[in-house]
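Notes for the one structure printed next.
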Amino acid sequence: MKFKNNHADKFLNDLWKRINEYSLLNASKNDIGDYIIYLLNKHCVYVEKDVEKDVEKDVEKDVEKDVEKERFFDKLSHAKIEKILKINSARIKSAQNNIKIKYADDIDENSLFDDFINDLLDGKIVLRKAGDEKIKFVIENKAKRSIIEAKLKELCADTLDSSFNSEIVTIDIKNFLKMLKAQKNLPKEIESKVKKCDENIIIKALKSSVLGNVISLGALVFGA
């Protein structure tokens with residue numbers, strides 16, 4: 001773990017402000033721990049080793065390089081965060097929710113939704129059929145789920161269904177597409193890189209949605 005460029009003073013300033021103005025040292029052990037995690041996530045990068053192939057004089061060899069991960073607490077899997085911070089998955093979920101409620105600002109929320117979009121593009125989130133005109137997917141980060149739900153309520157007057165399992169959410173495909181298309185600077189390749197869940201429900205949704213008038217089926221060639 002190391003500070004981002006010119007962020008050591010910012011880390012200290014944020015910490016001192018929380019101590020001086022909000023009496024951080026009188027808070028509970030978990031609240032203090034969560035704020036430290038928040039500051040590490042905001043001002044530091046996690047450095048991990050990665051092995052890449054390199055060819056030198058026609059000889060292929062493995063080269064170990066440092067890879068910096070920004071906002072590791074938002075982006076890495078729970079399994080990896082457990083090893084980094086020496087806390088269990090339940091504690092991670094609790095911290096994510098507490099940070100979202102008490103410390104995160106609008107910039108943090110926008111960044112989390114950007115992470116969700118990137119996860120879709122990278123195939124880290126896989127969409128699956130969940131009945132007529134609905135899809136489901138797994139999302140571990142409770143703060144991300146909250147942000148997605150807030151956008152659904154604002155744009156579609158809809159909510160996520162996570163009644164079966166809090167980490168497995170179900171959503172109407174029309175509203176899912178509407179939410180994505182409403183984002184500024186949405187990557188053009190999003191439709192072609194989101195994992196295909198069921199071609200039939202996509203076609204039905206487009207036929208019954210205003211989106212069908214503006215999104216061509218050619219732009220919705222979902223990768224298998």
Side-chain angles (χ1 to χ4, degrees), residues 1-15 18 24 29-57 59-127 137-148 166-169 185-187 189-190 193-195 223:
M1 193 78 68
K2 69 178 185 180
F3 285 115
K4 298 177 184 177
N5 290 338
N6 303 316
H7 272 252
D9 286 344
K10 294 178 182 179
F11 182 101
L12 182 58
N13 288 340
D14 283 352
L15 179 59
R18 183 62 57 170
L24 177 67
K29 176 182 175 182
N30 279 353
D31 279 354
I32 294 172
D34 292 346
Y35 190 67
I36 296 300
I37 292 172
Y38 168 75
L39 291 182
L40 291 172
N41 194 50
K42 182 177 180 181
H43 296 297
C44 302
V45 293
Y46 173 67
V47 183
E48 64 180 0
K49 299 294 184 181
D50 190 25
V51 177
E52 297 182 359
K53 296 292 183 181
D54 191 24
V55 178
E56 185 177 331
K57 295 181 180 179
V59 177
E60 188 179 82
K61 61 179 181 179
D62 291 337
V63 178
E64 194 175 71
K65 295 183 178 180
D66 287 342
V67 178
E68 296 182 355
K69 303 284 188 180
E70 290 196 11
R71 296 179 36 252
F72 71 96
F73 196 64
D74 298 330
K75 295 184 176 182
L76 298 181
S77 68
H78 282 193
K80 182 152 286 188
I81 294 172
E82 285 179 18
K83 293 180 180 179
I84 295 171
L85 298 181
K86 313 302 181 188
I87 55 179
N88 61 34
S89 183
R91 181 70 182 88
I92 292 170
K93 293 175 185 178
S94 172
Q96 287 173 336
N97 189 50
N98 200 29
I99 288 170
K100 165 70 171 59
I101 294 170
K102 295 183 178 179
Y103 309 128
D105 52 29
D106 290 340
I107 295 175
D108 298 315
E109 293 187 2
N110 290 333
S111 296
L112 284 173
F113 195 79
D114 288 344
D115 290 344
F116 171 68
I117 295 295
N118 289 330
D119 287 344
L120 289 173
L121 287 169
D122 295 339
K124 294 178 182 178
I125 292 179
V126 179
L127 304 178
F137 53 89
V138 175
I139 184 163
E140 288 183 320
N141 190 308
K142 189 171 183 177
K144 287 183 184 178
R145 292 199 302 272
S146 297
I147 290 165
I148 293 168
S166 62
E167 294 183 1
I168 302 176
V169 298
N185 302 316
L186 184 74
E189 64 271 29
I190 185 75
K193 290 195 175 181
V194 174
K195 289 293 183 177

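In this text, all values refer to a predicted model and were calculated from it rather than measured experimentally. For the single chain, residues carry numbers from 1 onward in sequence order.
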Let me know which of Lys102, Gln96, Arg91 forms a side-chain hydrogen bond (donor to acceptor under 3.5 Å, both in side chains) with Asp34.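 The residue from Lys102, Gln96, Arg91 that satisfies side-chain hydrogen bond (donor to acceptor under 3.5 Å, both in side chains) with Asp34 turns out to be Arg91.
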
Checking side-chain contact (heavy atoms from CB on, under 4.5 Å) for the pair Glu140/Ile92: CA distance, chi angles, key distance, verdict? CA-CA 10 Å; Glu140 288 183 320; Ile92 292 170; over 6 Å; no

Checklist entry - Take atom CD in Glu48; do more than 12 heavy atoms of anything else shown fall under 6.0 Å from it? => result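 It does: Glu48 CD has more than 12 such atoms within range.
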
Whether the side chain of [X] engages the backbone of [Y] through a donor-acceptor N/O pair (distance < 3.5 Å, no angle test) should be reported.
X      : Y      : result
Lys124 : Asn118 : no
Glu167 : Val138 : no
Asn41  : Ile37  : no

Note to self: Any non-hydrogen side-chain atom of Leu40 less than 4.5 Å from a side-chain atom of Phe73?
What the structure shows: no

**Study point:** Test: Lys2 and Glu68 ion pair at under 4.0 Å
**Key:** yes

Give me the atom names and distance for the closest heavy-atom approach of [X] to [Y].
X      : Y      : result
Tyr35  : Asp14  : OH-O, 3.1 Å
Arg145 : Ile139 : NH1-O, 2.8 Å
His43  : Phe11  : CD2-CA, 3.6 Å
Phe137 : Leu127 : CD2-CD2, 3.5 Å
Asp115 : Arg71  : OD2-NH2, 2.5 Å
Lys83  : Lys86  : O-NZ, 3.0 Å

In Å and rounded to the nearest 0.5 Å, what is the [atom1] to [atom2] distance from [X] to [Y]?
X      : Y      : atom1 : atom2 : answer
Glu82  : Ile84  : CD    : CD1   : 10.5 Å
Ile117 : Leu112 : CD1   : CG    : 12.0 Å
Asp31  : Asn98  : CG    : CG    : 5.0 Å
Ile99  : Leu39  : CD1   : CG    : 9.0 Å
Cys44  : His7   : SG    : NE2   : 9.5 Å

Do the ring planes of Tyr38 and Tyr103 sit parallel (below 30°), tilted (30 to 60°) or perpendicular (above 60°)? tilted

Q. Angle class for the Phe72/Tyr46 ring planes (parallel below 30°, perpendicular above 60°, tilted otherwise)?
A.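 Because their plane-to-plane angle lies in the 30° to 60° range, the rings of Phe72 and Tyr46 count as tilted.
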
Practice task
Take Leu15 and Ile36, measure what side-chain contact (heavy atoms from CB on, under 4.5 Å) needs, and give me the verdict at the end.
Solution key: CA-CA 8 Å; Leu15 179 59; Ile36 296 300; 4.3 Å; yes

